[in-house]
Amino acid sequence: MNNKFMLKKLKVDYFRHMHNLSLEFGDNLTIISGLNGTGKSSALGLLGHLFSFRGDTEQRTISGNRYETIYSEIFRFCTEHDISQKYEYSLEFLDADGKEEKLYAHSRYDKAESRFRFYVGQKQGKHGNKYKCPVIFLGLNRLYPTAKEENSVKIEATRLTSKEKGRFAKLMVNILTSLDKGVESENVETKHKKYEGLKTEKYGLRGLSAGQDNLSQIVTALLSFERLDFGSGILLIDELDATLFAAAQINLLKELYGFSKKTNVKVVFTTHSLEIIKYLIESNWQEKDWKINFLELRDGDVVNTVNPGYDYIKNRIYLETAQETKIKKYTILCEDEAAAKWCKNLLSGDKDLKASCSVYCFSGCGSVSDMAKSRLKCFDDFVFVLDADCKNKKEYKNIKNIVFLPGKKAPESEMYIYLQSLCERDEFWGKNNFYKDTCFNGFVDADSEFKHKDWVSKNNKNFGTNWSKFFRRWFKDHIEEKKEFQENVRRLLR
């Protein structure tokens, strides 16, 4: 699809209790959420009013409606408070060619017509044309119980093509996870709504639940955009989740996302559904594809937080304080004290790893490696840290919860070899009369792991608390090895 039409930002300079408020849009889905009375529905109406799709040959939806927002269905202006005000807002967007555009809207009371109106133009304060783009607004009128409209209900044969009938049935079944047979549609018109209503072998319009009725109207809107095939559009839905059970809400969200990716129709909706918000935040959909605007009242003004975390939204909707997050602790087992000190230092600098890992050492040669090789179920949640000299041993190759220390030898040998490589003028030497010749006195030709252990024991106090002094110097030459060790641990924890 070549149409590059894209909504960017709605800025409300002044509209009732919205002052200097900005809302941002995802490339495909945009959620407007928040507490009651924060102007969520108003934001949908202000956006929809900027567009029109009238032309020489006027095209209409499947239900026979215009592709535009019906102003009077959204706003009821008060002669006492609204008429004396000067409301203004604007929209930043990309046109079909990807060019940056801006639409301005301002209020005015027309005395001749006794009407309070918003004028739209491409220059601030001027009256011009609305931008040509098809819009469908599904307001709260769609939730009016059909059972209460018995005297005004008109049912006719479906207006869908054979292909659209199949699409209608598939969407209804997939979203509602319905097993009903003979899913069809019939054209419905009442005082408050016009749409293709669900019909099955078991029931027709008068047997529909509120959720089935609501979803029928949303699906009719999707089919209308697909039939129009304009290359872009805007679908506005107030209270998307109303009357739908949790699984249907998620299924509908998935369908809307796929529909928007395919048609370039931008879907903007209000919701209080934590199920929808949680699913969206935790999805693997690209972050540029969606935005959440969370509206709140502060000192009488509406403020917006864009893409807050799920916990923030949940706590605000429930009006709760933030709960302390319990961090799961993982057990890391090392062969001995030297390996444990290496492990703790290697994890330093990563607060999450340090907070989630408890490092322990086991006395007794080979005890930790034997535990790893046992593959007992009780050790599945443990991470075993083995010395570097175990890396190439076949018995460890297929054990998933093992991490090896950096290098090629036991940790004491790695320390011995590294400090031997430092020149006598290196920054490491000199403090507290600790020099290279002092360090290696009696161990100049140490050539075995056991001699290296004795050498570490002799110099232990000069390496800093938990060998921190040694590792500060070692990290300067081995930062990549540290990063690799941390990533290996993170991978196992995932």
Is the gap between the ring centers of Phe471 and Trp342 under 6.0 Å? yes
Is the Phe259 ring parallel, tilted or perpendicular to the Phe225 ring (thresholds 30°, 60°)? tilted
To check you understand the geometry: which heavy-atom pair defines the closest contact between Ser52 and Glu68, and what is its length? OG-OE1, 3.4 Å
Check whether more than 12 heavy atoms from other residues, nucleotides or ligands sit under 6.0 Å from atom NZ of Lys11, and answer yes or no. no
Between Asn345 (side chain only) and Asn466 (backbone N and O only), is there a donor and an acceptor less than 3.5 Å apart? yes
Option among Asn304, Asn307, Thr270 that satisfies the side-chain hydrogen bond (donor to acceptor under 3.5 Å, both in side chains) test with Asn293: Asn304
According to the interplanar angle, ranging from 0 to 90°, do the rings of Tyr119 and His106 count as parallel (below 30°), tilted (30 to 60°) or perpendicular (above 60°)? tilted
State whether the side chain of Thr38 and the backbone N or O of Gly34 hold a donor-acceptor pair below 3.5 Å, judged by distance alone. no
Please test Asp301 against His19 for side chain to side chain donor-acceptor pair (under 3.5 Å), starting from the C-alpha separation and ending with a verdict. CA-CA 7 Å; Asp301 286 341; His19 306 144; 2.9 Å; yes
Decide side chain to side chain contact (heavy atoms under 4.5 Å, CB included) for Gln122 and Leu103; before the verdict, give the C-alpha distance in whole Å, the side-chain angles of both, and the deciding distance to 0.1 Å. CA-CA 5 Å; Gln122 292 189 314; Leu103 285 174; 3.8 Å; yes
Are the side chain of Arg142 and the backbone N or O of Asp238 linked by a donor-acceptor pair below 3.5 Å? yes
Enter the distance from Glu484:CD to Leu346:CG here, rounded to the nearest 0.5 Å. 11.0 Å
Residue pair Val303 / Leu295, side-chain heavy-atom distance below 4.5 Å: no
How about CZ on Arg60, more than 12 heavy atoms from neighbouring residues, nucleotides or ligands closer than 6.0 Å, or not? yes
Does a side-chain heavy-atom distance below 4.5 Å link Leu274 with Ile317? yes
Here the pair of heavy atoms bringing Gly231 nearest to Asn3 is O-CB, 3.3 Å
Min side-chain heavy-atom separation Val120-Asn129 under 4.5 Å: no
Leu35 and Leu319: CA distance, side-chain angles, deciding distance, side chain to side chain contact (heavy atoms under 4.5 Å, CB included) verdict: CA-CA 10 Å; Leu35 305 185; Leu319 294 180; 4.0 Å; yes
Does the distance from a Lys or Arg side-chain N to an Asp or Glu carboxylate O, for Lys261 and Asp289, drop under 4.0 Å? yes
Beyond-backbone contact of Lys99 with Lys4, side-chain heavy atoms, under 4.5 angstrom: no
Has Tyr67 got a side-chain atom pairing as donor or acceptor with Ser224's backbone, closer than 3.5 angstrom? yes
If you measure from CD on Glu164 to CG on Leu171, what distance do you get to the nearest 0.5 Å? 11.5 Å
What heavy-atom pair brings Ile281 and Pro308 nearest, and what distance separates the two atoms? CD1-O, 3.9 Å
Could Lys291 and Phe25 be counted as a cation-pi pair, given that NZ or CZ must be under 6.0 Å from the ring centre and within 45° of the axis? no
Quick check on Lys199: does its NZ atom have over 12 non-hydrogen neighbours (other residues, nucleotides or ligands) under 6.0 Å away? no
Worked verdict on Gln217 versus Asp213 for side chain to side chain donor-acceptor pair (under 3.5 Å): CA-CA 7 Å; Gln217 296 174 72; Asp213 186 81; 3.1 Å; yes
Taking atom CD of Glu296 as the centre, report whether more than 12 heavy atoms of other residues, nucleotides or ligands fall under 6.0 Å from it. yes
Side chains of Lys130 and Leu50: does their closest heavy-atom pair fall under 4.5 Å? no
Angle class for the Phe230/Phe53 ring planes (parallel below 30°, perpendicular above 60°, tilted otherwise)? perpendicular
Please test Arg490 against Glu487 for salt bridge (charged side-chain N to carboxylate O under 4.0 Å, His left out), starting from the C-alpha separation and ending with a verdict. CA-CA 5 Å; Arg490 272 193 292 270; Glu487 182 53 38; 3.3 Å; yes
Would you compute the distance between atom NE2 of His272 and atom CG of Leu240 and round it to the nearest 0.5 angstrom? 12.5 Å
If you apply the rule side chain to side chain contact (heavy atoms under 4.5 Å, CB included), what do you find for Glu186 with Glu196, and how did you get there? CA-CA 5 Å; Glu186 52 191 359; Glu196 291 290 319; 5.7 Å; no
For Asn28 and Ser260: C-alpha separation, side-chain torsions, deciding distance, then whether side chain to side chain donor-acceptor pair (under 3.5 Å) applies. CA-CA 6 Å; Asn28 300 105; Ser260 179; 3.0 Å; yes
Pairing of Glu282 and Lys278 as salt bridge, 4.0 angstrom limit: yes
Once rounded to the nearest 0.5 Å, what's the spacing between atom CG of Leu244 and atom CD of Glu239? 11.5 Å
Check this for me: does any side-chain nitrogen of one of Lys102 and Glu100 sit under 4.0 Å from a carboxylate oxygen of the other? no
Under a 4.5 Å cut-off applied to non-hydrogen side-chain atoms, are Leu235 and Lys266 in contact? no
Under 3.5 Å, is there a donor on one side chain and an acceptor on the other for Asn187 and Tyr195? no
Any salt bridge between Glu184 and Lys165, counting N to O under 4.0 Å? no
Going through the distances and angles, do Thr271 and Ser33 end up as a side chain to side chain donor-acceptor pair (under 3.5 Å)? CA-CA 5 Å; Thr271 185; Ser33 187; over 6 Å; no
Closest heavy-atom contact between Ile218 and Ile237? CG2-CD1, 4.2 Å
Decide yes or no for Lys482 and Ser348: does some side-chain heavy atom of the first lie under 4.5 Å from some side-chain heavy atom of the second? yes
Kindly indicate, with the supporting measurements, whether the criterion side chain to side chain contact (heavy atoms under 4.5 Å, CB included) is fulfilled by Lys193 and Asn141. CA-CA 7 Å; Lys193 51 202 177 185; Asn141 276 354; over 6 Å; no
Check whether the ring centres of Tyr89 and Tyr104 lie less than 6.0 Å apart, and answer yes or no. no
Asn251 to Asn174 - nearest heavy-atom pair and separation: ND2-O, 3.4 Å
Is it true that Glu481 and Lys483 make a salt bridge, defined as a side-chain N closer than 4.0 Å to a carboxylate O? no
State, with a plain yes or no, whether a side-chain heavy atom of Tyr131 is found less than 4.5 Å away from one of Asp95. yes
Using a strict 4.0 Å threshold on nitrogen-to-oxygen distance, state whether Lys163 and Glu226 make a salt bridge. no
Is the Tyr279 ring parallel, tilted or perpendicular to the Trp285 ring (thresholds 30°, 60°)? perpendicular
Is it true that Lys8 and Glu24 have a side-chain N and a carboxylate O under 4.0 angstrom from each other? no
Determine whether a donor-acceptor pair (N or O, by modelled atom type, separation under 3.5 Å) exists between the side chain of Asn65 and the backbone of Thr61. no
Shortest non-hydrogen contact from Ala43 toward Leu23: CB-CD2, 4.0 Å
Could you tell me whether Lys288 atom NZ has more than 12 heavy atoms of other residues or ligands within 6.0 Å of it? yes
Exam field: side chain Arg159 to backbone Ser63, donor-acceptor pair closer than 3.5 Å: yes
